[in-house]
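Each chain gets a letter, A, B and so on, in the order the sequences are listed, and its residues count up from 1. For clarity, every value in this text was computed on a predicted model and none was experimentally measured.
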Amino acid sequence: MFEKNTSEQTAVSIRHLSKSFDGVEVLRDVDLEVREGDVVTILGSSGSGKSTLLRCINWLEQPDRGSIHIGGQRIGVNDAGRPMPVRELAKVRARTGMVFQSFNLWPHLNVLHNITEAPIHVLGKSKAEAEAHARELLEKVGMSPKADAYPNTLSGGQKQRVAIARALAMQPEVMLFDEPTSALDPELVGEVLAVIKDLSAEGYTMIVVTHEMAFSRAVSDKVVFLDKGLIIEQADPETFFTNPSTERVRKFLEREES
Amino acid sequence: MSNWEILWSARDQFWSGFFSTMEIFGLSISAAFLIGCGMLYLLEGSRPRLTVPLRVFIDGMRMLPFLILAYLLYYGLPAFDIRLDAWWSGVGALAVYHGCYFAEIFRGARLTFPPGQVEAAKAHGFTKGKMFFRLILPQIVMQTRPLLGNQLIYALKDTAFLVIITVQELTAAANSLAGTYFIPTEAFIVVIGFYWAVSVVMEIIIKQCGRFSAKRGFDHV
Ligand SMILES: Nc1ncnc2c1ncn2[C@@H]1O[C@H](COP(=O)(O)OP(=O)(O)OP(=O)(O)O)[C@@H](O)[C@H]1O
Ligand SMILES: [Mg+2]
């Protein structure tokens with residue numbers, strides 16, 4: 001669609017982010033910059049805080065400290081330093097798109113209407129416009145023939161591709177993926193990763209939590225490693241996978257290879 | 001004239017009782033449905049100052065014999081200078097009573113509603129109201145369809161209680177014919193036929209609605 005964006009514009013900026021659950025620190029002073037058009041993958045073992053980090057970005061979790069800006073707009077806290085009113089929060093949230101591990105499609109709506117629901121009822125687009133856009137997106141994720149199907153009739157891979165189209169329909173500035181292939185049968189992983197790869201080639205800004213090492217290496221502009229809530233390594237994929245600077249990451253990669 | 005012939009000649013009374021019953025039933029059950037939805041919406045919030053009294057009210061209603069509520073509205077409200085005629089007392093009592101049952105049915109289904117879907121809605125910029133009415137409520141209604149169908153039948157049967165507060169409905173018609181001509185058995189058999197017929201039709205309609213939700217994976221027909 002358009003060339004990979006190489007400008008230095010910041011899409012997401014996270015500063016000094018901390019979050020605890022029941023007194024246990026799950027994120028500790030996390031700093032992360034994501035430039036427009038970049039793909040950042042987040043790796044780390046189970047429980048290291050990857051999902052929590054991603055969910056803070058669209059305020060599904062509220063951090064205890066720190067700030068998050070999306071396209072220069074701070075989320076969750078208004079200019080006066082107070083919690084954002086819900087409507088304002090919803091607007092900033094809609095600037096991000098999220099794809100969940102468990103798809104979370106709305107089962108009472110068919111595929112097409114899953115995709116048009118938010119554009120019509122949140123963004124206020126006309127039905128015709130939203131449907132035309134939805135059909136383009138379905139084409140993009142290879143789901144056009146299933147526009148009228150209901151989610152319960154789809155395979156996991158198909159559901160996830162619809163979920164991706166649904167998020168894209170909001171024309172978000174950044175896409176957040178939380179282990180988009182972890183709930184899939186192995187033979188369905190490829191079709192979803194292929195869609196995400198296509199998006200990266202089109203220049204979408206994306207933050208992807210994943211356990212797929214080959215994918216991370218192929219698609220990332222930056223790889224981030226979380227360990228017990230700390231970012232202990234941030235590097236380009238080449239460096240990260242061939243010459244990580246910490247023992248912890250080296251161990252992690254060895255284990256993933258075997 | 002045989003007893004049945006007497007009833008045939010008085011068929012207009014049955015019909016008018018029947019239409020009155022259907023009117024009361026249709027109006028009160030629609031209102032009850034809206035009340036149930038409204039209560040579910042109010043229970044969505046996490047403000048205990050609202051939700052706790054509401055839960056107590058719902059449970060209080062459910063644990064009350066319907067007849068007592070009808071009496072209360074008809075004979076009790078005038079003490080507070082609110083006068084409803086028998087018909088409106090009956091409709092009001094049915095609406096509130098079954099509205100609470102609807103609310104309880106909905107609430108049960110809401111408890112098992114997948115939180116991931118709510119998160120997906122939030123992530124797509126939905127706020128509470130639209131999320132509730134467009135995404136949560138339709139699914140809750142589809143999921144609880146069999147229970148709602150059952151509740152409709154209870155509500156239909158409860159309309160018969162209104163004879164006691166002098167509402168001129170179907171049972172009242174049977175009652176008066178039975179008394180006038182001393183033919184209770186036949187009169188009440190006719191009335192049973194009416195109630196059964198309506199119930200069967202409702203069952204069929206509710207079952208047909210099941211196809212709609214089954215297509216979406218909600219249940220099996
Ligand atoms: N809502 C919550 N309440 C309490 N503890 C939580 C909550 N969400 C996450 N945690 C805890 O925070 C820690 C980090 O969780 P998180 O889900 O972010 O890890 P993760 O890196 O995504 O792990 P996984 O790879 O298993 O998805 C875990 O110990 C988890 O138990
Ligand atoms: Mg996770």
Name the region of [X], side chain, backbone, both or neither, that has any atom closer than 4.5 Å to a heavy atom of chain B.
{"X": "Glu117(A)", "value": "both"}
{"X": "Arg95(A)", "value": "neither"}
{"X": "Ala169(A)", "value": "neither"}
{"X": "Met170(A)", "value": "side chain"}
{"X": "Leu105(A)", "value": "backbone"}
{"X": "Asn104(A)", "value": "both"}

Using a strict threshold of under 4.0 Å (side-chain N to carboxylate O), is an ion pair present between [Y] and [X]?
{"X": "Glu44(B)", "Y": "Arg110(B)", "value": "yes"}
{"X": "Glu88(A)", "Y": "Lys91(A)", "value": "no"}
{"X": "Glu131(A)", "Y": "Lys127(A)", "value": "yes"}

The interface call for Lys215(B) against chain A, heavy-atom contacts under 4.5 Å, is both
Whatever's closer than 4.5 Å to a heavy atom in chain A on Lys122(B) counts as both
Interface check, chain A: of Pro115(B), Ala120(B), Gly217(B), most non-hydrogen pairs under 4.5 Å belong to Ala120(B)
Of the listed Lys130(B), Glu119(B), Met142(B), Lys128(B), the one with the largest count of heavy-atom pairs under 4.5 Å with chain A is Glu119(B)
Ranked by heavy-atom pairs below 4.5 Å to chain B, first place among His121(A), Arg55(A), Met98(A) goes to His121(A)
Going by distance alone, is a donor N or O of one side chain under 3.5 Å from an acceptor N or O of the other, for [X] and [Y]?
{"X": "Asp178(A)", "Y": "Ser51(A)", "value": "yes"}
{"X": "Gln158(A)", "Y": "Glu191(A)", "value": "no"}
{"X": "Ser13(A)", "Y": "Glu33(A)", "value": "yes"}

Please work out whether the ring planes of Trp106(A) and Phe126(B) are parallel, tilted or perpendicular, with thresholds of 30° and 60°.
-> perpendicular
Over 12 non-hydrogen atoms of neighbours within 6.0 angstrom of OH in Tyr75(B): yes
